[in-house]
Amino acid sequence: MPEQFGDRLDLIRGRMEAAAMAASRDPASVTLTAVSKTQPPAAIDEALDRGLRVFGENRVQEAQTRWTDRRADLPDLELRLIGPLQSNKAGDAVALFDVIETLDRPKLIGALAAASDSLGRSPRLLVQVNTGEEPQKAGVAPRDVDSLIAEARAAGLMVEGLMVIPPADEEPILHFALLARLAARNGLGVLSMGMSGDFEAAIRLGATHVRIGSALFGERNPGLVPSRG
Ligand SMILES: *Cc1c(COP(=O)(O)O)cnc(C)c1O
């Protein structure tokens, strides 16, 4: 892996573009979400200096600390919550994030709708799907996706897509393909799938947002973060 942030970024952008072209897709249709969780301020500043504006965070409180002040000077910043959301944090999440990628249960619909009403702010939403039906993992089971989306829409929420973290020990392609099918069936255009190890495959299967952390920033301190979801 290149030592300089800028070189790592160029490399990832090149690989994203090549994967899009190989799939006859417009490279501009795929957004790089820089996963900045646990990164020190200097790394964030470097990413901002390089023009990155779309960031993924997996914890509400950590994201507040990191972004509340910075965001005042960054009108085009887009913050995306990619980690599990507890309903008692829904208000904080609605106040900070532009996109919440982890809607995965009916209880959260009520909490997000109430927070949106009281704050006058409505983040766009993705529904996280547990395509591997792993008991320990967040996400709605594939069979319950359609009804959760319908319920969220009925509550006035803006669902624009789906998100997945495939099982760590399985071929991700089948999970990406399933996510794309579930999205198409529900008329959803946004697909958040693909991480450092599998983003090219995700782009081939239709990803509009790839979430890249370690390939961009370098390895995280493993003591601080649960690895996949
Ligand atoms: C940490 C994280 C990522 C980034 O993972 P890398 O393998 O470091 O690219 C992507 N998505 C989610 C939900 C994460 O928590």
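Not one N or O on the side chain of Arg153 forms a donor-acceptor pair closer than 3.5 Å with the backbone of Leu148. Under a 3.5 Å cut-off, the side chain of Asp26 and the backbone N or O of Ala28 do form a donor-acceptor pair. Listed for the Asn130 side chain is a donor-acceptor partner under 3.5 Å among the backbone atoms of Lys137. Thr208 places a side-chain N or O within 3.5 Å of a backbone atom of Leu191 that can act as its donor or acceptor partner. A distance-only check finds a donor-acceptor pair linking the side chain of Arg53 to the backbone of Leu48 [under 3.5 Å]. Remark: the backbone N or O of Leu182 is paired with a side-chain donor or acceptor of Asn186 at under 3.5 angstrom. Arg8 places a side-chain N or O within donor-acceptor distance of the main-chain N or O of Leu216, the cut-off being under 3.5 Å. Within the 3.5 Å criterion, the main-chain N or O of Val94 finds a donor-acceptor partner in the side chain of Arg121. Not one N or O on the side chain of Asp92 forms a donor-acceptor pair closer than 3.5 Å with the backbone of Lys89.
Here the closest non-hydrogen pair linking Ala43 and Phe217 is O-CE2, 3.8 Å. Nearest heavy-atom pair across Ala90 and Leu112 is CB-CD2, 4.1 Å. Contact record, Ile173 with Ala201: CG1-CB, 4.1 Å, taken as the closest heavy-atom pair. Across all non-hydrogen atoms, the minimal contact from Glu134 to Pro167 is OE1-CA, 3.5 Å. Phe176 approaches Val164 most closely through the heavy-atom pair CD2-CG1, 4.1 Å. In this structure, Ile109 and Glu151 approach most closely via the heavy-atom pair CD1-CB, 3.8 Å.
Taking the side chain as every heavy atom from C-beta outward, Val30 and His209 never approach each other to under 4.5 Å. Put simply, the side chain of Arg105 reaches to within 4.5 Å of the side chain of Ser87, judged on heavy atoms. The side-chain heavy atoms of Phe199 and Met16, taken from C-beta on, include a pair separated by under 4.5 Å. In this structure the side chain of Leu79 never reaches within 4.5 angstrom of the side chain of Val54, judged on heavy atoms. The closest side-chain heavy-atom distance from Thr102 to Met163 is below 4.5 Å. Under the 4.5 Å side-chain criterion, counting only non-hydrogen atoms from C-beta, Phe5 is in contact with Leu52. Between Ile100 and Leu85 the shortest side-chain heavy-atom distance falls below 4.5 Å. Counting heavy atoms from C-beta on, the side chains of Arg70 and Ile44 come closer than 4.5 Å.
Put simply, Trp67 and Leu119 are part of the same group of oily side chains (I, L, V, M, F, W, Y) that touch within less than 4.5 Å, one to the next. A single hydrophobic cluster is not seen to contain both Phe97 and Met158; linkage of ILVMFWY side chains at heavy-atom distances under 4.5 Å, directly or through other members, places them apart. Note on Ile165: it does not cluster hydrophobically with Val60, by side-chain heavy-atom contacts below 4.5 Å among ILVMFWY residues. Ile149 and Leu157 fall within the same hydrophobic cluster, where Ile, Leu, Val, Met, Phe, Trp and Tyr residues are linked whenever their side-chain heavy atoms come under 4.5 Å apart, directly or through other members. Under a hydrophobic-cluster definition in which Ile, Leu, Val, Met, Phe, Trp and Tyr are linked whenever side-chain heavy atoms come within less than 4.5 Å, directly or via other members, Val127 and Leu179 are assigned to the same cluster.
Checking Arg211 against Ser192 by side-chain atom types alone, a donor-acceptor pair falls below 3.5 Å. Side-chain polar atoms of His175 and Thr131 form a donor-acceptor pair below 3.5 angstrom.
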Q: Dump the intermediate steps for side-chain contact (heavy atoms from CB on, under 4.5 Å) on Leu77 and Phe55, then the final yes or no.
A: CA-CA 8 Å; Leu77 184 71; Phe55 290 86; 3.7 Å; yes
Q | Criterion salt bridge (Lys or Arg N to Asp or Glu O under 4.0 Å) on Glu62 and Arg66, from CA distance to verdict | A | CA-CA 6 Å; Glu62 183 186 335; Arg66 183 167 298 134; 2.9 Å; yes
Q | Trace of the side-chain contact (heavy atoms from CB on, under 4.5 Å) decision for Leu126 with Val190 | A | CA-CA 8 Å; Leu126 308 192; Val190 174; 3.8 Å; yes
Q.
For a side-chain contact (heavy atoms from CB on, under 4.5 Å) check, start with the C-alpha distance between Leu81 and Asn58, then their side-chain angles and the critical distance, and finish with the verdict.
A. CA-CA 6 Å; Leu81 178 64; Asn58 69 339; 5.7 Å; no
Q. How far apart are the C-alpha atoms of Glu57 and Lys37, what are their side-chain angles, what is the distance that settles it, and do they pass the salt bridge (Lys or Arg N to Asp or Glu O under 4.0 Å) test?
A. CA-CA 5 Å; Glu57 291 281 353; Lys37 63 186 184 196; over 6 Å; no
Q.
Evaluate Leu162 against Leu188 for side-chain contact (heavy atoms from CB on, under 4.5 Å), listing each step before the verdict.
A. CA-CA 8 Å; Leu162 302 180; Leu188 298 172; 3.8 Å; yes
Q. For Arg25 and Glu17, what are the C-alpha separation, side-chain angles and deciding distance, and is it a salt bridge (Lys or Arg N to Asp or Glu O under 4.0 Å)?
A. CA-CA 9 Å; Arg25 298 186 57 202; Glu17 188 174 319; over 6 Å; no
Q: For Arg71 and Asp98, run salt bridge (Lys or Arg N to Asp or Glu O under 4.0 Å): C-alpha distance rounded to whole Å, both residues' side-chain angles, the deciding distance at 0.1 Å, then the answer.
A: CA-CA 11 Å; Arg71 101 159 303 167; Asp98 303 289; 3.1 Å; yes
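No more than 12 heavy atoms of other residues, nucleotides or ligands sit less than 6.0 Å from atom CG of Asp69. In the displayed structure, Gln61 atom CD is contacted under 6.0 Å by at most 12 heavy atoms of other residues, nucleotides or ligands.
Using a 4.0 Å cut-off between charged side-chain N and carboxylate O, Glu101 and Arg124 make no salt bridge.
Taking CG of Asp198 as the start and CG of Leu205 as the end, the distance is 10.5 Å to the nearest 0.5 Å. From Asp146, atom CG reaches atom CZ of Arg185 across 4.0 Å, with rounding to the nearest 0.5 Å. Rounded to the nearest 0.5 Å, atoms OG (Ser196) and CE (Met1) are 7.0 Å apart. Between Leu11 atom CG and Leu9 atom CG the span is 9.5 Å, to the nearest 0.5 Å.
Remark: Glu46 engages no residue in a salt bridge (Lys or Arg N to Asp or Glu O under 4.0 Å) (not counting sequence neighbours).
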